[in-house]
Amino acid sequence: MAGGEGKAKPLEFTPTWIVALVCSVMIIISLLFERLLHRLGKRLIRSRKKPMYEALLKVKEELMLLGFISLLLTVFQGPIGKLCVSPSTMLHLQPCKPPLHETDHLGGAVFTGVLGGGRRLLAGGASSDDEYCLKKDKVPLLSSEAIHQLHIFIFVLAVTHFLLSAITVLLGIAQTRNWRHWETKIQESDDGAPQMIKHIREFKFIQDHFKGHRKRSRIFGWMRSFFKQFYGSVTEEDYTTMRLGFIMKHCKGTPKFNFYSYMIRALEVDFKKVVGISWYLWAMLMIFLLLNVEGWYVYIWITLVPFIMLLVVGSKMEHIITELAYEVAQKDTAIRGDLVVSPSDNFFWFHRPKLVLLLIHIVLFQNAFEIAFFFWLLVTYGFKSCIMGKPAYVITRVVISVICQVLCGYSTLPLYAVVSHMGNSFKKTIFDDNVTEGLVNWAEKARRGTRTPNKITTDASSSPIDGANGGAVQMTNTRANSSVEQGTARLI
């Protein structure tokens with residue numbers, strides 16, 4: 001009997017007040033969450049935080065994708081449960097080794113869940129789909145309980161990835177707040193003061209990185225770069241020198257360019273890319289789940305790989321600063337004024353500065369996967385579950401994941417924020433929204449072969465390249481064409 005004792009009651013035998021109450025609670029929570037995101041988006045727009053608003057839209061897209069995945073799992077739960085396989089199929093690539101008595105009777109009353117290794121007595125509390133396969137002396141391809149647990153895990157992973165990415169970026173921005181004082185000091189400095197002639201080896205930037213060695217030792221340079229990322233990864237001399245190098249390469253006519261504001265805006269734009277889960281990250285997730293086999297200890301490597309990658313990325317960016325210093329120091333000349341380095345894509349892997357952001361994105365996702373997987377297993381199966389692994393391994397994995405997350409926000413992300421601009425190109429956030437839109441429109445018209453306007457007028461008071469003075473900036477047709485062609489050619 002459907003509503004009999006000892007069995008779950010279907011909806012047709014459930015009191016209406018219970019159905020209405022549960023639905024009301026779910027709807028109210030959903031509406032409150034939707035209003036919260038809406039108000040947050042309006043506040044970001046009012047604060048002119050367009051990159052952060054676009055990141056919020058990216059989060060909404062991920063939530064929509066999760067909702068669709070949830071819908072698919074719910075709709076296909078019945079058909080998947082009726083896909084019956086031989087009991088011997090369930091003995092391969094298991095996350096937990098089943099006890100001997102369960103293996104012997106796997107075709108009878110006991111089966112093993114594929115994802116979680118959860119075991120249930122079919123004769124006692126099996127669903128109708130499970131009984132459907134049991135009558136054929138087979139087991140379901142994926143039990144209803146395993147589908148439910150998989151559904152929860154994907155949701156936990158997405159939420160964990162977003163939260164950890166947001167915490168890391170906020171920690172990185174907070175770490176760079178100290179740099180604002182350096183920028184303010186530069187803006188308030190007197191450029192009209194007499195400048196001394198100094199030998200290039202007398203600059204502190206060269207002394208810190210070149211160490212006066214006439215012959216560079218690559219091993220020593222990499223070792224110093226590796227350890228420097230753990231303490232004072234970016235000093236005031238580093239920031240001042242790289243800032244001047246960027247200005248002299250990309251906006252030489254505006255020595256008072258606010259490099260700090262440009263750097264923070266660029267970091268906010270990159271956050272939009274980091275917070276999303278791309279297709280290749282979903283593919284990595286499937287590989288991780290596939291390799292979760294008993295005895296392989298694959299999650300030890302999944303924990304170590306992102307940590308090692310993060311250390312390599314941090315060492316590489318520190319080494320780029322050293323390379324900048326070495327390139328200038330080997331000239332061995334005396335100069336008047338400040339030290340100027342020469343940014344170049346040649347310092348980056350495969351001459352692609354964007355590759356650094358991709359590696360950071362992968363590291364954050366792998367780390368989020370490890371942390372989400374740990375808490376999901378802890379709540380679902382407990383700390384002593386076989387799928388959790390040996391306690392010593394579990395504790396080691398959690399400690400490494402926490403260290404990796406803190407190091408990324410404390411050192412690696414601030415390093416990326418400034419070193420990523422030491423390439424041949426600059427990012428479109430160097431312009432304000434109006435100028436960027438004008439450049440895009442101009443490029444589109446240029447591709448279509450239309451004529452450009454005779455005059456371009458912008459409000460420099462809102463432009464990031466406003467120098468020390470505000471007011472309206474007018475460019476003639478010749479200057480506009482040359483500037484825009486040069487700017488659009490170097491935008492990334």
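Numbers here are sequence positions counted from 1. Scope of the values below: all heavy atoms of this structure, side chains included, with no hydrogens, waters or symmetry mates.
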* Asked: Within a reach of under 6.0 Å around OH of Y231, are more than 12 heavy atoms found that belong to other residues, nucleotides or ligands?
  -> yes
Exercise. Assess whether atom CZ of F76 is packed by more than 12 heavy atoms of other residues, nucleotides or ligands within 6.0 Å.
Key: no
Side-chain heavy-atom pair V234, V419 within 4.5 angstrom cut-off = no
Parallel, tilted or perpendicular: rings of F259 and H421 (30°, 60°): perpendicular
All heavy atoms of W179 vs all of P414, minimum pair found to be CH2-O, 3.2 Å
When every non-hydrogen atom of L290 is compared with those of V293, the smallest separation belongs to O-CG2, 3.7 Å
Q. Checking side chain to side chain contact (heavy atoms under 4.5 Å, CB included) for the pair V269/R265: CA distance, chi angles, key distance, verdict?
A. CA-CA 6 Å; V269 172; R265 287 195 305 272; 5.7 Å; no
Residues 366-374 side chain polar contacts: donor-acceptor under 3.5 Å, at least two apart:
unit_1, atom_1, unit_2, atom_2, d
N367, ND2, S401, O, 3.1
N367, ND2, Q405, OE1, 2.3
E370, OE1, T303, OG1, 3.3
E370, OE2, R397, NE, 2.8
E370, OE2, R397, NH2, 3.1

message: Quick check against the 3.5 Å criterion: does Q229 have a side-chain atom that pairs as donor or acceptor with the backbone of L311?
response: yes
Smallest heavy-atom separation, S420 atom then Y416 atom, equals OG-O, 2.6 Å
Could you go step by step and tell me if F230 and S411 meet the side chain to side chain contact (heavy atoms under 4.5 Å, CB included) rule?
CA-CA 7 Å; F230 301 107; S411 176; over 6 Å; no
Correct closest heavy-atom pair for F257 and E183 would be O-OE2, 3.5 Å
In terms of heavy-atom contacts, G314 and L415 come closest through O-CD1, 3.9 Å
Sorted by chain and residue number, the side-chain contact (heavy atoms from CB on, under 4.5 Å) partners of I403 (sequence neighbours excluded) come out as F307, V399
For L171 and V406 the tightest heavy-atom approach is CD2-O, 4.1 Å
